[in-house]
**Student:** 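One structure coming up, written as structure tokens, with questions to follow.
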Amino acid sequence: MQVSKEQVQEYNQHLLKEHQRKFEFISSGLINVEDILKKLVKFQVAIPSWALGSGGTRFGRFSIGGEPRNLEEKIEDIGLLHALNRSSGAISLHIPWDIPSSASNIKTLAAQNDLRFDAMNSNTFQDQPGQELSYKFGSMQHVDKAVRQQAIDHNVEVIKYGIELGSSSLTVWLSDGSNFPGQLNFRKAFQNTLESLKEVYAALPNDWKIFVEYKAFEPNFYSMTVGDWGQSLLYATKLGDKAFTLVDLGHHLPNANIEQIVSLLLMEKKLGGFHFNDSKYGDDDLTVGSIRPYQLFLIFNELIEGMDARGMDHAADLAWMIDASHNIKDPLEDLLQSVEAIMIAYAQALLIDRKKLSEVQNSNDVVAAQEILQTAFRTDVRSLVAEARLRNKGAIDPLFVYRNEKIREHLIKERGAKTVATGL
Ligand code: LRH
Ligand code: MN
């Protein structure tokens with residue numbers, strides 16, 4: 001299912017007048033509006049290939065219908081999102097859920113949809129049919145060297161797929177850990193994991209990066225062998241310059257100060273990228289900005305402060321990816337909302353008067369500091385984000401087009417009501 005530029009322009013015609021009124025109102029009060037628009041136009045968020053169907057929990061899964069049946073249809077769905085918001089120009093694959101039937105055909109199809117391949121994801125948290133050794137007691141931490149070698153070989157294979165597709169990074173999330181005290185020797189588990197990661201690191205092409213994703217709990221509920229930012233930083237530092245940490249917003253213990261973690265990882269030149277989502281309790285993988293939009297804004301505030309301090313390119317120098325799972329929403333609507341929330345938080349953080357903020361911080365004027373942040377956060381930047389889309393030949397209101405074009409109905413007609421996409 002495709003939506004043409006002409007169809008998008010037609011919808012924009014209906015919304016243009018109201019959009020221009022709002023945009024003129026907001027931009028009239030801003031000094032750096034053109035600079036902000038340039039940054040928004042350039043900013044692209046990678047869509048996870050494993051989040052295009054209805055997710056589920058152990059208690060149940062409710063099919064949405066019209067789910068992609070293969071990698072080709074997943075690329076079409078992400079191409080559709082990108083045609084609507086022009087901010088979803090990359091796909092992050094998960095192996096073996098998305099093994100390309102023919103890398104060159106998949107590469108061509110992605111290019112036709114104006115998509116590039118972001119980080120590849122390995123999977124040693126499930127046993128595949130016919131797999132020789134089980135990951136029940138872990139993969140790279142495993143007491144049995146043969147199991148560790150199996151996990152290393154899988155990651156090296158994932159890098160090969162990525163090279164064929166033009167990706168240049170690998171995300172390693174290990175579900176390894178323990179469920180009970182006494183089950184694991186923490187030091188040996190760390191050393192086994194580090195040794196295994198070193199072998200994967202050695203297989204990386206020179207221009208590649210490896211992202212070590214940490215998680216506080218689940219599927220292990222006593223310890224995780226890459227359990228927090230400190231442990232991930234330890235691995236990344238011991239591995240070398242091509243290794244970085246990856247921050248999945250849902251992977252923290254309750255009330256963790258993620259914006260401070262981001263600031264310090266950036267300072268250490270060891271922040272590789274993000275898995276954006278939102279949560280109230282655990283790794284809920286909910287729509288970005290749906291539960292704690294202020295936290296997302298504060299994270300982008302630290303990102304801009306830290307990236308500008310090092311002269312980094314906002315769009316290119318970190319990996320911006322979504323990692324979500326959709327239990328009740330239409331996956332494509334959920335992803336449109338998530339990208340919108342990321343663009344809004346970025347735009348609001350770009351409004352912050354950093355010179356003034358630094359002055360009041362240096363004079364411990366705590367009240368003024370909060371006023372500066374909340375003035376930006378309370379600014380309605382939706383028309384700025386819409387204007388960036390318009391200049392990028394996208395839709396002023398992507399969700400409006402998606403619904404009025406009855407895209408889900410079309411997908412159900414085309415693919416059936418019971419199709420199940422690989423992934424979570
Ligand atoms: C683990 C995780 C990881 C992916 C998986 C789909 O919770 O965040 O990034 O491999 O979700
Ligand atoms: Mn993740």
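Order of appearance sets the numbers: ligands from 1, and atoms from 1 within every ligand. When reading the values below, keep in mind they use all heavy atoms of this one structure, side chains included, and skip hydrogens, waters and symmetry mates.
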**Student:** Does Y346 have K39 sitting over its ring (NZ/CZ under 6.0 Å from centre, angle to axis within 45°)?
**Tutor:** no
**Student:** Got a sec, which pairs hit salt bridge (charged side-chain N to carboxylate O under 4.0 Å, His left out) with one end in residues 202-219, sequence neighbours left out?
**Tutor:**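 Non-adjacent pairs meeting salt bridge (charged side-chain N to carboxylate O under 4.0 Å, His left out): K215-E218, K215-D283.
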**Student:** Only pairs at least two apart or in different chains count here, so list each salt bridge (charged side-chain N to carboxylate O under 4.0 Å, His left out) that has a residue in residues 133-149.
**Tutor:** none
**Student:** Check R391 with E387, please: is the shortest side-chain N to carboxylate O separation under 4.0 Å?
**Tutor:** yes
**Student:** Which residue in the set L81, V41, D114 passes side-chain contact (heavy atoms from CB on, under 4.5 Å) when paired with R86?
**Tutor:**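 Testing R86 for a side-chain contact (heavy atoms from CB on, under 4.5 Å) against L81, V41, D114 leaves exactly one candidate, D114.
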**Student:** Might you work through the salt bridge (charged side-chain N to carboxylate O under 4.0 Å, His left out) test for E67 and R408, ending with a clear yes or no?
**Tutor:** CA-CA 9 Å; E67 296 186 19; R408 180 54 59 186; over 6 Å; no
**Student:** Could you go through ligand 1 and list every pair where one of its N or O atoms sits under 3.5 Å from a protein N or O, giving the atom names and the distance to one decimal?
**Tutor:**
from, atom 1, to, atom 2, distance (Å)
ligand 1, 7 (O), K215, NZ, 2.9
ligand 1, 7 (O), H251, NE2, 3.1
ligand 1, 7 (O), D283, OD2, 3.0
ligand 1, 8 (O), E213, OE2, 3.1
ligand 1, 8 (O), D248, OD2, 3.0
ligand 1, 8 (O), H251, NE2, 3.1
ligand 1, 8 (O), D323, OD2, 2.6
ligand 1, 9 (O), E213, OE1, 2.7
ligand 1, 9 (O), E213, OE2, 2.8
ligand 1, 9 (O), H275, ND1, 3.2
ligand 1, 9 (O), D323, OD2, 3.1
ligand 1, 10 (O), H94, NE2, 2.8
ligand 1, 11 (O), D323, OD2, 3.2

**Student:** Indicate the atoms forming the closest heavy-atom contact of E302 with S263, along with that distance.
**Tutor:**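 Smallest heavy-atom distance, with atoms named: OE1-CB, 3.6 Å.
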**Student:** So, K280 and D284, do they make that salt bridge, N to O below 4.0 Å?
**Tutor:** no
**Student:** Between the side chains of R116 and D118, is the shortest nitrogen-to-carboxylate-oxygen separation below 4.0 Å, so that they form an ion pair?
**Tutor:**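 R116 and D118: salt-bridged.
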**Student:** Mind listing the protein N/O/S atoms less than 2.8 Å away from the Mn ion (ligand 2)? Waters don't count.
**Tutor:**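 N, O, S partners closer than 2.8 Å: E213 OE2, D248 OD2, H275 ND1, D323 OD2.
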